[in-house]
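See below for the structure under consideration.
Not measured: the values here are computed from a predicted model.
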Amino acid sequence: MPDNRTFQDREKPSAIRASNISAAKSVADAVRTSLGPRGMDKMIQASNGEVTVTNDGATILKQMKVLHPAASMLVELSKAQDVEAGDGTTTVVVLAGSLLDACQKLLDKGIHPTTISDSFQRAAKKAVEILASMSVPLELSDRESMLKSATTSLNSKVVSQNSPLLAPMAVDAVMRVIDPATATNVDLRDIKVIQKVGGTLEDTELIDGLVFTQGLAHKAAANTRQEKAKIGLIQFQISPPKTQMDNNIIVSDYTHMDRVLREEKEYILNICKQIKKAGCNVLLIQKSILRDAINDLALHFLSKLKIMVVTNVEREDIEFVCKTIGCRPVASLDHFTAETLGYADLVEEVSAGDGRILKVTGTGGVAKTVTLLVRGSNKMVVGEADRSLHDALCVIRCLVKKRALIAGGGAPEIEMSLRLMEHANELTGMDSYCVRAYAEALEVIPLTLAENAGLNPIAVVTELRNKHAQGAKTAGINVKKGKITDILEENVVQPLLVSTSAIQLATETVRSLMKIDDIVTVQR
């Protein structure tokens, strides 16, 4: 009889799966405590000593140093949810962790991974149908519902007490950059969020136009206010030309020295006159890597010609600036004409915190762009407000993509769980087991919400399940009151896309982890 023992190494695949599941679950457990409005924050310290305080799942996982390949799949999962929906990054990881736990139990019962994987896919499809059936359609003209959604998103953040101020800003920002009648998506690059330390979060404002945090180049600040501004954007330098290679010029005579200085003066004055001739009275200069974009002499001449100067405009901001004020970037002096200039009603420098900022407003509706200027007492607060606003903007973007709302507070998860349990009873064989395990795994969201709010998780989830069984589809955990209420009346709503995307992405990741039975290390 041939010896087949070499092919009978059955232990290894199950050990690899167990290792993958445990690594991925440990990542899910790390962010689990930061789920929901009563979730805790994490303090992340980078190797350079920079500290971040956040409870945004995607931010926490992005900055974590994850070594295990299966755990890094969960980090990728939260990134995918961030791109697809923008919110629900913690939910998706916690959900994946719970599904993996269910997988481990099914594997221990001896069910084959492929069977589990296929059943989970069918269960996810059914779950998405259940979500769609309990959603409420939404019109983009319904500002009230959109505000509720944005507020729900902000409630779980550090800046939740400022949500009455930030939520309307997020809604207005998105509505200004789209055409509600035809829009199917929002390009968030049209909404620029600028951070400025100083003041409080109450000073945060939405500006129809541009903001430059570097202020004016002050040596040239002949005036700090310019109405009916003609704005030019240049990508060339207003400083003496340099040769391609390093060289030394030895001047042996004072007359030669004077001549060099005179030539330099004439060269720069000629450029400044050309700029004035085009009718420009506000000049933006792109940041230069090779040499000084502008020197003191040029600033002096431009000041005399009553031209306001803003230097160090970042390369990646050029497109946004051009789109907002309708100017064209000019790479050489010969092309600097009146047609390349943009227009704004008012350009003025105002003090902000310990510095000054330049506001460009009244761009005449050239383009649909807005700027959000986020203020705060320190870097951590401003950074967290920026991330929270990004999530709120993404929530509104989800509503533009898929115009439907569902209740929050763990209501959809319990509803899906109940309906899937009923569905599992109609199935036979292994499918029934797997779908039931999937349904139970979904209960992790309300369970965690209750746990983080300091309630008794088992009692709360049992009562919630009971309410849903009696037909109260929108019953959810009211974290603030610490009991079960109709969550729609509490204005806790979220976009349908956030939940459907979380279910699909989490299931996809779990399925791909189930299919892995070996890890091969390769020398690169």
Side-chain angles (χ1 to χ4, degrees), residues 13-32 35 57 68 70-71 73-74 77-78 81 88 90-131 410 412-451 457-458 461-462 464-465 468 499-517:
S14 58
I16 293 281
R17 268 190 207 99
S19 148
N20 284 351
I21 289 173
S22 116
K25 267 169 63 185
S26 64
V27 170
D29 290 341
V31 294
R32 193 176 158 184
L35 182 77
H68 198 287
M73 281 177 77
L74 258 71
L77 166 69
S78 85
Q81 174 75 359
T90 315
T91 308
V92 76
V93 176
V94 171
L95 201 54
S98 178
L99 289 172
L100 285 167
D101 203 16
C103 288
Q104 186 62 62
K105 285 173 187 165
L106 292 169
L107 288 168
D108 292 344
K109 283 180 181 171
I111 300 174
H112 196 275
T114 313
T115 313
I116 300 173
S117 174
D118 293 346
S119 297
F120 273 22
Q121 188 183 13
R122 284 195 283 277
K125 196 176 171 194
K126 183 77 180 164
V128 170
E129 285 170 17
I130 295 163
L131 275 176
E413 285 80 13
I414 284 283
E415 185 65 24
M416 283 190 286
S417 178
L418 268 176
R419 298 285 160 262
L420 282 171
M421 288 277 194
E422 289 167 12
H423 180 59
N425 293 337
E426 297 162 14
L427 300 170
T428 54
M430 296 297 179
D431 265 2
S432 174
Y433 264 108
C434 298
V435 172
R436 190 173 285 111
Y438 188 95
E440 280 173 14
L442 291 175
E443 289 183 0
V444 73
I445 302 294
L447 201 75
T448 309
L449 281 176
E451 217 170 88
I458 295 169
V461 172
T462 310
L464 190 56
R465 208 186 287 137
H468 277 258
S499 294
T500 52
S501 157
I503 290 283
Q504 286 164 333
L505 292 172
T507 310
E508 241 168 61
T509 304
V510 170
R511 287 187 67 215
S512 51
L513 275 168
M514 279 287 91
K515 292 277 173 91
I516 297 166
D517 73 342

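The side-chain contact (heavy atoms from CB on, under 4.5 Å) search around T91 returns L35, I445, not counting sequence neighbours. R436 meets the salt bridge (charged side-chain N to carboxylate O under 4.0 Å, His left out) test with no other residue; sequence neighbours excluded. Residues satisfying the side-chain contact (heavy atoms from CB on, under 4.5 Å) test with S512, not counting sequence neighbours, are M73. For A24, the side-chain contact (heavy atoms from CB on, under 4.5 Å) partners at least two apart in sequence or on another chain are L74, L100, L513. Listed by chain and residue number, A85, T89, V92, V498, S501, A502, L505 satisfy the side-chain contact (heavy atoms from CB on, under 4.5 Å) test with Q81 (two or more places apart in sequence, or in another chain).
Within the 3.5 Å criterion, the main-chain N or O of I503 finds a donor-acceptor partner in the side chain of T507.
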Determine, stepwise, if the pair S119 / M430 fulfils side chain to side chain contact (heavy atoms under 4.5 Å, CB included). CA-CA 8 Å; S119 297; M430 296 297 179; 5.8 Å; no
Anything under 3.5 Å between a donor and an acceptor, one on a side chain of residues 106-113, the other on a protein residue two or more places apart or in another chain? List them.
unit_1 : atom_1 : unit_2 : atom_2 : d
D108   : OD1    : Q104   : NE2    : 3.2
H112   : ND1    : T114   : N      : 3.1
H112   : ND1    : T114   : OG1    : 3.2

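Here the side chains of N20 and H68 are in contact, with some heavy-atom distance below 4.5 Å. Annotation: side chain of R17 is in contact with side chain of D517 (closest heavy-atom distance under 4.5 Å).
Going from atom CG of N425 over to atom CD of E422 covers 8.0 Å, rounded to the nearest 0.5 Å.
Across all non-hydrogen atoms, the minimal contact from V94 to R32 is CG2-CA, 3.8 Å.
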